[in-house]
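All remarks here apply to the structure that follows.
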Amino acid sequence: MHTLPPLPYAYNALEPFIDAKTLEIHHTKHHQSYVDKLNAALEKYPELQSKTVEGLIKSLDEIPEAIRTTVRNNAGGHFSHTLYWNTMSPTAEEYIPEKLGKAIVETFGSIVEFKEQFSKAAANVFGSGWVWLALSNPEPVEGLVVTTNKKLKIVSTQGHDNPLMTDDKPLMVIDVWEHAYYLHYQNRRPEYIQNWWNIVDWKVVERNYNSLA
Ligand code: MN3
């Protein structure tokens with residue numbers, strides 16, 4: 001059984017950037033419903049119940065067609081929200097740790113340029129979706145020595161699709177579904193995105209980066 005992970009902070013902890021009511025509904029209703037629907041879909045498939053959420057997403061081809069779309073959407077929703085909660089913090093610092101900061105500058109030119117590109121991608125998602133910082137990580141070809149070629153990239157996805165589906169490794173994410181910001185920001189998605197930078201927990205993003213790079 002998949003379970004809703006507790007938030008690593010209180011519902012009001014991200015104010016004024018994300019209001020308590022939004023965070024509580026988002027976590028206890030939206031995220032909970034993805035977990036519940038995923039469990040319901042797996043009920044008749046005991047052989048899939050021991051798979052991790054990442055394992056399910058990475059092997060969608062092997063999921064029976066009857067539940068494949070439901071698993072794609074709800075395992076995706078469960079995974080995406082867990083990363084979203086974990087890469088925000090009320091005690092976030094603006095400073096990006098050195099190794100990750102260096103990789104960002106190498107890829108995007110500067111931190112400012114990276115943030116601009118990321119914010120623009122988040123503002124431009126049409127309808128419901130997510131924007132990710134991810135590490136592209138081509139699988140080594142068997143029998144060949146392959147030079148590692150891991151690169152940072154900004155990825156936009158629709159619905160609950162995510163970089164795991166294309167074998168990229170997600171490091172951080174912003175939820176731009178309306179339910180993530182509408183109570184407080186209404187149609188002002190760019191303002192939500194701008195404020196979200198204040199609560200990005202770079203220490204966790206760097207930890208994610210180090211575990212993969
Ligand atoms: Mn959401």
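Both ligands and their constituent atoms are indexed starting at 1 by order of listing.
Side-chain N or O atoms of T52 include one that pairs as donor or acceptor with a backbone N or O of G55 at under 3.5 Å.
In this view, E98 satisfies the salt bridge (Lys or Arg N to Asp or Glu O under 4.0 Å) rule with no residue, not counting sequence neighbours. With sequence neighbours excluded, no residue forms a ring pair (Phe, Tyr, Trp, His ring centres under 6.0 Å) with W202. Here T3 pairs with nothing under the side-chain hydrogen bond (donor to acceptor under 3.5 Å, both in side chains) rule; sequence neighbours left out.
Rounding to the nearest 0.5 angstrom, the gap separating the CG atom in D168 from the CH2 atom in W132 is 11.0 Å.
In this structure, a donor-acceptor pair under 3.5 Å is present between the side chains of H31 and W85.
Take a cut-off of 2.8 Å around the Mn ion (ligand 1): the protein N, O or S atoms inside it are H26 NE2, H81 NE2, D175 OD2, H179 NE2.
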